[in-house]
Amino acid sequence: MDGPRITVHDHGPGFPGHLLRDGPMRFRKGGDPATTGHGLGLTIAAGQAAVLGARLTFTNPPEGGALSTLDLPSVPDAS
């Protein structure tokens, strides 16, 4: 992709291994039983990225935390 890139990096425990391996799945949450919610947010975000022709990736950087990267397609010049 050669369009804009948006990254979100947190400093928490990182993404669970199943998310890195399989990608987000509806109703599947992280390994912490105290986690609230329904496990839909990342699945919705990945679906919307696909609709836009973008790519959303999830990694755990070596320095720790979780990193989400949204690569958007380039926008044709309107002129």
Side-chain angles (χ1 to χ4, degrees):
M1 302 253 154
D2 56 354
R5 172 176 275 183
I6 300 166
T7 60
V8 177
H9 185 191
D10 75 16
H11 301 284
F15 290 116
H18 65 80
L19 187 136
L20 297 174
R21 183 182 61 249
D22 305 326
M25 298 168 69
R26 292 184 312 157
F27 306 114
R28 187 171 187 184
K29 300 190 290 185
D32 181 1
T35 302
T36 60
H38 297 289
L40 292 172
L42 294 180
T43 303
I44 292 169
Q48 290 299 303
V51 166
L52 296 172
R55 181 177 53 235
L56 180 59
T57 57
F58 308 99
T59 58
N60 290 336
E63 66 273 12
L67 178 66
S68 300
T69 304
L70 178 65
D71 288 303
L72 296 160
S74 62
V75 178
D77 188 5
S79 56

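The figures here come from the full heavy-atom set of this structure, side chains too, leaving out hydrogens, waters and symmetry mates. Every value quoted in this text rests on a predicted model; they were computed, and no experiment measured them.
- What you find for A49 and L56 is that their closest heavy atoms are CB-CB, 4.0 Å.
- Taking CG of L42 as the reference point, atom CE of M25 lies at 13.0 Å (rounded to 0.5 Å).
- Counting only distance, with no hydrogens or angles, the side chain of H9 and the backbone of T69 share no donor-acceptor pair below 3.5 Å.
- Residues F58 and L52 do not share a hydrophobic cluster, clusters being chains of Ile/Leu/Val/Met/Phe/Trp/Tyr side chains in contact below 4.5 Å.
- Taking both residues in full, the closest heavy atoms of R5 and D71 are given as NE-OD1, 2.6 Å, listed atom of the first, atom of the second, then distance.
- Taking every heavy atom of both residues into account, A66 and N60 meet most closely at CA-OD1, 4.0 Å.
- Heavy-atom minimum distance, L67 versus P61: CB-CG, 3.8 Å.
- The shortest heavy-atom contact between T59 and L20 is CA-CD2, 3.7 Å.
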